[in-house]
**Q** 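Encoded as structure tokens, here's the structure I'll be asking about.
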Amino acid sequence: MFSLNGSSSPSIAVYGVSKSLTRRKIGAPLVVAAAASSNRSPGDGNVVLMENSLNVMRENAPAAPSPVTEKDSKSVVGGGVEDFYGEDDVSADQNVTPWAVTVASGYPLLRDPRYNKGLSFNEKERDGHFLRGLLPPVVISQDLQVKKMMHNIRQYQVPLQRYMAMMDLQERNERLFYKLLIDNVEELLPVVYTPTVGEACQKYGSIFRQPQGLFISLKEKGRILDVLKNWPEKKVQVIVVTDGERILGLGDLGCQGMGIPVGKLSLYTALGGIRPSECLPVTIDVGTNNEQLLNDEFYIGLRRKRATGQEYAELLHEFMCAVKQIYGEKVIIQFEDFANHNAFDLLAKYGSTHLVFNDDIQGTASVVLAGLMAALKLVGGTLADHSFLFLGAGEAGTGIADLIALQISKQTGAPLEEARRKIWLVDSKGLIVRSRIDSLQHFKRPWAHEHEPVDNLLDAVKAIKPTVLIGSSGAGRTFTKEVVQAMASYNKKPVILALSNPTSQSECTAEEAYMWSEGRAIFASGSPFAPVEYNGKFYASGQSNNAYIFPGFGLGLIISGAIRVHDDMLLAASEALAAQVSQENLEKGLLYPPFANIRKISAQIAAKVAAKVYELGLATRLPQPQNLVEYAESSMYSPRYHNYR
Ligand SMILES: O=C([O-])CC(=O)C(=O)O
Ligand SMILES: [Mg+2]
């Protein structure tokens, strides 16, 4: 027991406190001034409150009252907290000096986004936490706050203004931000994520207000470990890292790519239930080759050309080692929006030493495979009965192609080589064929099949006559009328996926796909499109975006204590997602379930991924929980306010 406030707090509170403090290494011995209550909910517990609310005070400093939550009646699936906080944490903390711990109250409490509740502080809390007079008299519920915020956000017509309003809210009242996002996910996803996040990155320098993640630049070379220690949270489960070189389909945005890790991690919390405090957005700044940014007076990054070769590799290696040193081997490192060459190299280099996941290669592959599994119910046949043509042979294109081939090979027993022959890729130089092999980058070589050269997409469609056309090129409006019409001339129901983001880079719009195929296309896109009307009929289209996969995938890794990612886990995630597509969805032409159910979907994905982690012997959380779906659900962060004593 470790509590000076009378509540019987289990050892968990000690873990959280001591661990944080050990790592803080701040000066002389201190005294403990406050601790958490007895609530133990794995996704949502007071431990978080403790750990994230530490103000370390010098010996004899007065202890301010702490907002400690009242006992929460929510039932808990056994063992969750220990798993998140790890028994190894205890032994690591044996030499801890007693420290003083308290949390903010009064004005600082209102300024602390993690604990601020704004007008929802009740009368008792206002008295107990020195808030009297700092707020107007009214006390309102969190639900009313949500209603008010949605009303305000809807006043903004310009998407970037909505984005900024959401970011302001995140910096002011974190739980309200997540409540808003979770309760209105279909409306707000395009605001905090693609397409708006793309524009936000382009203008990040001028809209920058508060740092929302860690910036690690070449200036920090040799001291990245110290930089990581500056991050206020000591328990991190997921890092999303970019070097900004290929932000969506918008190209090199340098340091301003930070909007992407921030956006992705807010989805980790909203969609996958990972606690916000355990998510760390990182941008590695090695310069930019974007002349416009280099000449932009508001640019926030290093004003130099990109470092490459050894200089680049050394910085990344230092980062990878420092992360493992400080957060252990179970932290997920999600690579996001790196340029092709680095993305493949980093995944190959660190795949066997770290828990790494490339969202653009693996997450996109898994979500597209799920969409194809659903599409088969509409077009018939097995994967092996179809032929696939890609425009784009980068991370997404080859990643998806690899996973389709793997699945075909598993289903038919055919060797991978043979399965690959169903799949063709077009890059900027035309169809990838054998005669080009010597000039191809290594990740394109498996796709260089025997064929005469074809130098453009339309001719490739005519030559291959694919049943499925997938755009992953980052180049907008490349599925022209002729291309879509050619697909519709060979197929009763052509499957067309325009995956590039944001909307401006989509290979075609939903309207174009339906119009040019006379309403016969089975269409999905990376960024959302509103339903379109064609010949008096409405056509909805699904969003084939890795946001369906990575939050649940990450949760599955966390709840099983995975130490490595394996392709079979991606297949498990695809199957779990495809299983969530209802007959009703399919009848509307939707290859994916609505995002409105995403937390339930994420729990299903997490359970299937975790089961695979156990099966492969890559789990460290033992024994395996009996019901993984329930366990995943109960592990999720809830944005509901706590009551403070
Ligand atoms: O961020 C998204 O919307 C999907 C993605 O990973 C990308 O386009 O790079
Ligand atoms: Mg991406």
Side-chain angles (χ1 to χ4, degrees), residues 41-45 48 76-77 79-86 178 181-182 185 235-240 261 263-281 327-328 330-334 336 355-359 362-363 366-367 370 545-566 568-577 579-580 593 595 597-616 618-621 624-639:
S41 162
D44 198 16
V48 188
V76 170
V77 176
V81 177
E82 285 82 352
D83 302 318
F84 280 109
Y85 285 83
Y178 283 111
L181 191 50
I182 292 166
V185 66
K235 177 77 185 174
V236 169
Q237 300 267 20
V238 192
I239 293 173
V240 175
K264 292 273 174 185
L265 283 164
S266 68
L267 303 198
Y268 257 107
T269 299
L271 278 48
I274 315 298
R275 293 186 194 110
S277 61
E278 296 177 349
C279 296
L280 169 56
Y327 300 122
K330 283 183 272 177
V331 61
I332 302 168
I333 304 172
Q334 175 164 318
E336 195 70 53
L355 185 62
V356 288
F357 171 72
N358 185 302
D359 191 33
Q362 299 170 302
S366 184
V367 80
N545 190 293
N546 47 32
Y548 272 111
I549 291 288
F550 69 79
F553 192 85
L555 181 62
L557 298 179
I558 292 170
I559 60 173
S560 57
I563 50 163
R564 297 288 174 270
V565 168
H566 189 283
D568 285 355
M569 300 172 198
L570 301 174
L571 294 178
S574 302
E575 276 161 16
L577 177 55
Q580 297 301 307
F595 265 114
N597 298 336
I598 188 66
R599 285 200 143 205
K600 291 239 168 290
I601 297 165
S602 293
Q604 295 290 336
I605 294 173
K608 286 283 188 296
V609 169
K612 190 55 78 176
V613 177
Y614 284 105
E615 193 187 314
L616 294 169
L618 293 169
T620 60
R621 192 237 168 255
Q624 176 175 347
Q626 281 199 334
N627 185 331
L628 282 167
V629 176
E630 259 179 37
Y631 186 67
E633 276 177 349
S634 68
S635 301
M636 286 185 173
Y637 164 85
S638 158

**Q** Sequence neighbours left out, what passes ring-ring contact (aromatic ring centres under 6.0 Å, His included) with Tyr548? Give chain and number order.
**A** Tyr592, Phe595
**Q** In Å and rounded to the nearest 0.5 Å, what is the CD to CG distance from Gln237 to Leu265?
**A** 12.0 Å
**Q** Hey, does the side chain of Tyr614 reach the backbone of Arg621 with a donor-acceptor pair shorter than 3.5 angstrom?
**A** yes
**Q** Identify the two heavy atoms, one from Tyr268 and one from Cys279, that lie closest to each other, and give their separation to 0.1 Å.
**A** CB-SG, 4.3 Å
**Q** Do Ile563 and Leu355 have side chains that get closer than 4.5 Å, going by heavy atoms?
**A** no
**Q** Of all heavy-atom pairs between Ala632 and Leu555, which one has the smallest distance, and what is that distance?
**A** O-CD2, 3.9 Å
**Q** Looking at residues at least two apart in the chain, or sitting in another chain, which of them share a side chain to side chain contact (heavy atoms under 4.5 Å, CB included) with Ala611?
**A** Leu628
**Q** Report yes if some heavy atom in the side chain of Val238 is under 4.5 Å from a heavy atom in the side chain of Ile558; otherwise report no.
**A** yes
**Q** Closest heavy-atom contact between Leu618 and Arg564?
**A** CD1-O, 3.9 Å
**Q** Are any of the side-chain heavy atoms of Val629 and Gln604 separated by less than 4.5 Å?
**A** yes
**Q** Using ring-ring contact (aromatic ring centres under 6.0 Å, His included) as the criterion, list what pairs up with Tyr178, not counting sequence neighbours.
**A** Tyr637
**Q** Salt bridge check, Glu575 against Lys608: does any charged N sit closer than 4.0 Å to a carboxylate O?
**A** no
**Q** In the structure I gave you, are the side-chain heavy atoms of Pro625 and Ile559 within less than 4.5 Å of one another anywhere?
**A** no
**Q** Rounded to the nearest 0.5 Å, what separates atom OG1 in Thr269 from atom CE in Met636?
**A** 11.0 Å
**Q** Just wondering, do Asn597 and Gln580 contact through their side chains at under 4.5 Å, heavy atoms?
**A** no
**Q** Hey, could you give me the NZ/OG distance between Lys600 and Ser602, rounded to the nearest 0.5 Å?
**A** 11.0 Å
**Q** I'd like to know if the side chain of Ser266 reaches the main chain of Gly263, judged simply by a donor and an acceptor atom lying under 3.5 Å from each other, with no hydrogens or angles considered.
**A** yes
**Q** Working to the nearest 0.5 angstrom, can you tell me the gap between Ile274 CD1 and Leu267 CG?
**A** 12.0 Å
**Q** Return the NZ to CG distance between Lys235 and Leu280, rounded to the nearest 0.5 Å.
**A** 13.5 Å
**Q** Which atoms form the tightest heavy-atom contact between Gly561 and Thr620, and what is the distance?
**A** O-OG1, 2.6 Å
**Q** Do Leu570 and Ile549 pass the side chain to side chain contact (heavy atoms under 4.5 Å, CB included) test, and can you show the C-alpha distance, the side-chain angles, and the key distance before you say yes or no?
**A** CA-CA 9 Å; Leu570 301 174; Ile549 291 288; 5.7 Å; no
**Q** I'd like to check Phe550 versus Val367 (side-chain heavy atoms, cut-off strictly below 4.5 Å). Are they in contact?
**A** no
**Q** Nearest heavy-atom pair of Gly556 and Ala610: which atoms, and what distance?
**A** O-CB, 3.6 Å
**Q** Hey, are the side chains of Leu577 and Pro593 touching, using non-hydrogen atoms and a 4.5 Å cut-off?
**A** yes
**Q** Using side-chain heavy atoms (C-beta onward) and a distance below 4.5 Å, is Leu616 in contact with Met569?
**A** yes
**Q** To the nearest 0.5 Å, what is the distance between CD1 (Ile605) and OG (Ser574)?
**A** 8.5 Å
**Q** Taking side chain to side chain donor-acceptor pair (under 3.5 Å) as the criterion, tell me which of Gln362, Lys264, Glu336 meets it with Asn546.
**A** Lys264
